[in-house]
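We count ligands from 1, going down the list as the structure has it; atoms in each ligand are counted the same way. Quick note: residue numbers are just sequence positions, from 1. This one's a predicted model, so the numbers in the text were calculated from it and none came from an experiment.
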Amino acid sequence: MSSIKDLNLASKGAEEINWAARQMQVLEEISNEFALSKPLDGLNIGACMHVTKETANLMMTLKTAGAKVALCASNPLSTNDSVAAYLAENDIEVHAIRGVSNDEFFKHLNLVLDTNPDITMDDGADLVTLLHTDRSDISVLGSMEETTTGVIRLKSMEKNDKLRFPVVAVNDSDTKHLFDNRFGTGQSSMDGVVRATDMLIAGLNVVVFGFGDCGKGVAERAYGMGAKVTVVEPDSVRALEALMHGYEVKNSLEASKIADVIITVTGNKHVLDTQHFDVMKSGVVLANAGHFDVEINLVELKNQSSEVNRVRDHVESYMYKDKEVLVLGEGRLVNLTVATGHPASVMDMSFANQALAAEWIKENYKNLESKVYTLPKSVDQKIAATKLKLMGGQLEILSDDQLNYLDSWEFGTS
Ligand code: ADE
């Protein structure tokens, strides 16, 4: 039995899911193949993902492949209740309600694990963590991980010999992180900031904390909207890359002084803390686009504020000492709590990887160790070639002579 908000929302969910499907044609091709080959026949899949219209298309693909699927949310504020209702009506066990308490959220994760999944799928490694703690009685063939933060956790488990089963780091496929993390996070995070504030971005000082794939995407989109972009980054190569892109590069304190908007995308905790709040301008807007809500120290911000008021949907005003600090989406992923996540066209490639990773685990689990794997590069090439063609691009074909030249070492200066 599913735990959802309201089954009557299912028809609205169908509209949303069908709309996303129009832009998810790589996944559709895989789904059509899976309908014939049924590669996941008889398997239970337990997924902990953002319950969006794009995720729904992935869940339906897994079902088409023959799997029995149970889904819970990977963030208490990212669930689309209409989508959840549609899936529940279509034979997917769903435990996800937007805005649930933390206790309820973890209850939902446990309900998914109660289905005894053969394969799990995470966005942030929460199911895998439970499978190594409270639910270590459950054995799975393998798991898949969607996001950078989750992969970092998993690699740490592998390094410390704690991992109990193989995991595919879907995030590390080129057709995932080079597109979803960059173009997806870039667009959806700026979308979240604009939806929450209705502010003109042009001319503002936008500070981006973190210049990984996601930070790069956010900086690019903010710059494209006319912002003066400053990057804060602890890795010198990345910091230099940001500088040569034309952004200002400053340390966190200096950047905090000038910021009109700060977007954190670091994967680290408390990158904005009291020493930063102390120097910020009054009216500064803070948003987080990193996976967990730990990047802004909201506990201290609240403790040291005389008043906290919701001034409009998704915007909380903290009267911190002598100034006002505005926080979007409770410091949770601004792109999913305020906006609706990455556009379907980019999730198409991420979820094509997820679907193929499930098939790959089913085919290979007997030969896999308890390690973090990436999918073969041939999968990236296939997904990229399909997407390129669908988007109207043409691939250059090299002649045999050119291929031989690239393979040879004998030819130098002539
Ligand atoms: N992560 C970021 N955007 C997403 C989306 N649209 N669906 C599922 N997971 C996401």
List the steps and the verdict of ring-ring contact (aromatic ring centres under 6.0 Å, His included) for F165 and H132. CA-CA 10 Å; F165 43 78; H132 286 76; 5.2 Å; yes
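- By the 4.0 Å heavy-atom criterion, M347 is counted among the residues contacting ligand 1.
- Under 4.0 angstrom from ligand 1, there are no non-hydrogen atoms of T185.
- Close approach of ligand 1 to G341 (heavy-atom distance below 4.0 Å) involves ligand atoms 3 (N), 6 (N).
- Nearest protein neighbour of atom 6 (N) of ligand 1, counting heavy atoms only, is E54 OE1, 2.9 Å.
- Near F351, the atoms of ligand 1 lying under 4.0 angstrom from a non-hydrogen atom of the residue are 8 (C).
- Taking atom 8 (C) of ligand 1 as the reference point, the nearest protein heavy-atom neighbour is T55 OG1, 3.2 Å.
- Under the 4.0 Å criterion applied to side-chain N and carboxylate O atoms, D293 and K269 are not assigned as salt-bridge partners.
- Atom CD of E316 has more than 12 heavy atoms from other residues, nucleotides or ligands within 6.0 Å.
- For ligand 1, the atoms sitting less than 4.0 Å from at least one non-hydrogen atom of L336 are 1 (N), 2 (C), numbered in the order shown with element in parentheses.
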I would like to know whether N18 and E16 meet side-chain hydrogen bond (donor to acceptor under 3.5 Å, both in side chains); could you show each step before the answer? CA-CA 6 Å; N18 290 335; E16 291 285 300; over 6 Å; no
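- Two residues are said to be in side-chain contact when any heavy atoms from C-beta on lie closer than 4.5 Å; V167 and Y373 fail this criterion.
- Nearest to atom 3 (N) of ligand 1 among the protein's heavy atoms is H342 N, 2.8 Å.
- Counting heavy atoms only, H50 comes closest to atom 1 (N) of ligand 1 of the residues K53, E146, H50.
- By the 4.5 Å heavy-atom criterion applied to side chains, L375 and W360 are counted as neighbours.
- Between E359 and K362 there is no salt bridge, since no side-chain N of the basic residue sits under 4.0 Å from a carboxylate O of the acidic one.
- Close contacts between ligand 1 and T52 involve ligand atoms 5 (C), 6 (N), 7 (N), 8 (C) [criterion: under 4.0 Å to a heavy atom].
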